[in-house]
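Convention: sequence-line order gives letters A, B, ...; per-chain numbering from 1.
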2 protein chains.
Amino acid sequence: MRVVVRRTGLNASLLRAWERRYAAVEPGRSDGGQRLYSDHDVQKLVLLRDLVGAGHNISQVADLDMGELRLLLRRDGRGDVGDGTPAPTADDDFIEARPRARLHPESTASSHLAACMAAMHAMDPRALEASLNRAAMGLSPVDLVDQVLVPLLTRIGLLWSRGEVRPATEHVASAVVRRFLDWLLETLSPRTPAPLMLVGTPAGHRHEFGSLLAAVVVAVEGWDVLNVGPDLPATEIAAAAETKNARMVALSAIHPGDDPHLPGELRALRRELPDDVDVVIGGPAAARHADALRDVGVEYLPSLEDLRSLSRNGFLAWTRSRNGDGAGPDSVNWPQDT
Amino acid sequence: MRVVVRRTGLNASLLRAWERRYAAVEPGRSDGGQRLYSDHDVQKLVLLRDLVGAGHNISQVADLDMGELRLLLRRDGRGDVGDGTPAPTADDDFIEARPRARLHPESTASSHLAACMAAMHAMDPRALEASLNRAAMGLSPVDLVDQVLVPLLTRIGLLWSRGEVRPATEHVASAVVRRFLDWLLETLSPRTPAPLMLVGTPAGHRHEFGSLLAAVVVAVEGWDVLNVGPDLPATEIAAAAETKNARMVALSAIHPGDDPHLPGELRALRRELPDDVDVVIGGPAAARHADALRDVGVEYLPSLEDLRSLSRNGFLAWTRSRNGDGAGPDSVNWPQDT
DNA sequence: ACATCCTGCACAGACCCTGTACAATTCCTC
DNA sequence: GAGGAATTGTACAGGGTCTGTGCAGGATGT
């Protein structure tokens, strides 16, 4: 109990009140009747604390499960841009995200971005990570990607290409951002059955941030994602897709902007994959071959937004095909707050 | 018994109570019935003492194993304030090394290793991560590195070089292990002031697992670590070391085993750094140039164990120089509350 | 022999539990 | 917009539980 109080910063009386009045957590009991909080309980309490601090009332959030709490916390900045995450909300009552939103999303997004840039220049990985975490807390996943991560990576890349930032600085920042993207992917990944998307980069392309961002984007749309990493030949990607029974493959090609092997590589990939597995690709290196790629049967996506809508449709199609016909009762529709 | 009392700072009655009531430890007995504590027992008691001091109740932590205790201690270890009583002068104490049947650490380590290998072959990143987490729970950081991570990476590398595992499989596994190492580094990093060590790999060397392992090893010894990432020219490393005021630089050179530029690169690094900053390097590529490197003023370390002892000594020297004079380096803070 | 260690028992203070109450807000209705 | 109802954080008392410590009487070991 004392430990929980210290770790959550909440009053002991308050913990008991939340338990009694809202059944927010239901810790086990010792033989003598003392509460035994599990790690899960503590995590949930922390989420509740933050949510309450952000203006929600307990009575409405206390009985949500962890996934819903986390999501709520993310989209809190506003941005009710329907993120169709398949939150396993079995019950029908929707989460009324009270439009108590203050803080304009752009201004906070740009301030988060500025904080990240400052931490990068200071070569302070902890500060950078902290800034990213703050951004993740304050923004919806979509805003986080579009307004913080993409600009951040773009700017770092630009500074690097101009030689305006030390390679060591860039390395340190990249490592942190990569880890953060990994973490984001993990926490956004659905726990429920979902179609699998493979992400990676083609042979010769070692920049993996594009594919990591793609992974996050499609995870938000409900897909299960397997990142097979950068610089893989077509045969490898195809083999992995087959082994894991992927429904779709998304690639990213950034750096060797004029890679002549790209169309051939993707033709091979396309040929080795079943027809019902879609292959898409994004990134500047792919843009140059957009037409050739289309001929090969690989769709070029100019922006993450395209990937977003495409994967959303793909996900809905998957659920429909899975539920036999009309959308089942407790399926994936996240209730849009009206 | 007295020895244990001195080493742990715990009352003899308390030791007996913990044993009787919670079976916290179960020391062997002499023919006459006197308790014979093993080294393992003492370690566990120390962990329990710190944990109880941090607010946990014994009843709940007494039956956890060492790995769980350590993890618990780290997790809520931030924010420790009190120092209070200067701890039971634990100096000049020799613990009777009573070998006693070590409860098979290698067998559990090898089972963890097997689980990791199986997860890798199944191309199941979640399972791999779960196996690694389990290993982290059940083993000390040192055993974890020496008996799981190093063998795991060695085997994966071997399979890969022989073409006995698909590159895609290797990629997926590597990504998970890298993230795990990142996480491990983060959780092991000291929250208190500590000397800074830079880790990375020299220009041309893109395999970064060696440096990540090095980072973990020195973090365990108490250092603060900044990983500047792979493939960095000497000038960059030197600049980073200067900016962050590093006390030591540890590099790893693995893959291009016959890199002719290595000595030159390190000579440049050595020249750009202050004399009181040590530079060490490990890995097979460095082994070939061990003599040349020594001439340049860079120490070649054949094994992680060498790095371990060297960084330990370096850390102790740092604390001594910082505390002015004596003052036990590891001033444990025992009973403290309020 | 003498200090040390063993077992079993007892106890006091710190801690936690339940139930109830209460003040400060916020929400809603008239 | 005033007053009542609901919400929510906090406090207190009485009683049970947890846990560190001390003591008596006997055994151990050097």
Side-chain angles (χ1 to χ4, degrees), chain A residues 1-38 41-42 45-64 93 96 98-100 102, chain B residues 1-38 41-42 45-64 82 84-85 87-88 93 96 98 333-338:
Chain A
M1 178 56 144
R2 180 177 18 186
V3 182
V4 176
V5 168
R6 227 171 30 109
R7 285 186 56 188
T8 62
L10 297 170
N11 192 316
S13 304
L14 186 53
L15 290 181
R16 287 189 273 261
W18 282 5
E19 178 184 339
R20 183 184 54 239
R21 303 207 262 239
Y22 320 105
V25 293
E26 292 179 350
R29 297 306 184 104
S30 76
D31 296 339
Q34 322 249 132
R35 277 165 246 263
L36 298 177
Y37 289 91
S38 74
D41 291 333
V42 176
L45 286 171
V46 169
L47 287 173
L48 287 177
R49 147 166 72 76
D50 293 345
L51 234 33
V52 168
H56 291 81
N57 14 11
I58 344 298
S59 50
Q60 298 181 42
V61 294
D63 59 344
L64 302 178
D93 63 344
E96 188 197 344
R98 352 189 86 257
R100 184 164 300 217
R102 45 284 178 72
Chain B
M1 179 57 149
R2 175 172 45 225
V3 181
V4 177
V5 169
R6 264 200 220 291
R7 294 257 330 149
T8 63
L10 297 171
N11 191 314
S13 303
L14 186 53
L15 291 181
R16 287 189 274 263
W18 282 4
E19 179 184 338
R20 173 169 30 94
R21 302 208 263 239
Y22 319 106
V25 293
E26 291 179 348
R29 297 307 183 103
S30 75
D31 296 339
Q34 318 263 113
R35 288 173 175 78
L36 299 176
Y37 288 92
S38 73
D41 290 334
V42 176
L45 287 171
V46 169
L47 288 173
L48 286 178
R49 133 161 88 67
D50 292 344
L51 230 32
V52 169
H56 288 84
N57 341 19
I58 344 296
S59 51
Q60 294 173 53
V61 294
D63 59 345
L64 302 178
T85 55
D93 231 11
E96 317 171 23
R98 200 177 297 277
N333 30 12
W334 173 217
Q336 124 275 17
D337 223 348
T338 306

Angle, rounded to 10°, between the helical axes spanning five pairs at each terminus of the helix from C:dA1-D:dT30 to C:dC30-D:dG1?
30°
Pairwise 5' ranking along DNA chain C for B:R29 and A:M1, keeping only the more 5' one
B:R29
A:V42 and side-chain contact (heavy atoms from CB on, under 4.5 Å): which single residue from A:V25, A:V4, A:V3 fits?
A:V4
Under 3.5 Å donor-acceptor, B:R35 side chain and B:R16 backbone:
no
For A:G32 and for A:V52, locate the closest nucleotide of DNA chain D by heavy-atom distance; then report the residue assigned to the nucleotide nearer the 5' terminus.
A:V52
Between C:dC15 atom C1' and B:N57 atom CG, what is the distance in whole Å?
9 Å
Considering residues at least two apart in sequence or located in another chain, which fulfil the side-chain contact (heavy atoms from CB on, under 4.5 Å) criterion with A:R49?
A:L10, A:V46
Value rounded to 0.5 Å, distance of NE2 in B:H56 from CG in B:D50:
12.0 Å
Where do A:A24 and A:L48 come nearest, in terms of heavy atoms and distance?
CB-CD1, 3.7 Å
Could you tell me the separation between the CD atom of A:Q34 and the P atom of C:dA14, rounded to a whole number of Å?
16 Å
Does the side chain of A:R35 get closer than 4.0 angstrom to OP1 or OP2 of C:dC16 through an N or O atom?
no
Check salt bridge (charged side-chain N to carboxylate O under 4.0 Å, His left out) between A:R29 and all other residues, then give those that pass, not counting sequence neighbours.
A:E19
Contact between A:T8 and A:Y37 at the side-chain level, heavy atoms closer than 4.5 Å - yes or no?
no
Can you find a heavy atom in the side chain of A:R7 that is under 4.5 Å from one in the side chain of A:L45?
no
If you look at every heavy atom in B:Y22 and B:A62, which pair is closest and at what distance?
CB-CB, 3.5 Å
Closest to the 5' end of DNA chain D, once B:D31 and A:S13 are matched to their nearest nucleotides, is A:S13
So which protein nitrogen or oxygen atoms get under 3.5 Å of nucleotides 8-12 of chain C's nitrogens or oxygens?
none

Roughly how many Å is it from CD1 in B:I58 to P in C:dC16, rounded to a whole number?
12 Å
Any sub-3.5 Å donor-acceptor pair from B:N11's side-chain atoms to B:S13's backbone N or O?
yes
Residues that A:S38 engages under side-chain hydrogen bond (donor to acceptor under 3.5 Å, both in side chains), provided they are two or more places apart:
A:D41
Tell me, please, the opening and closing nucleotides of DNA chain D, 5' to 3', among those with an atom under 4.0 angstrom from a non-hydrogen atom of chain B.
D:dT19 to D:dG29
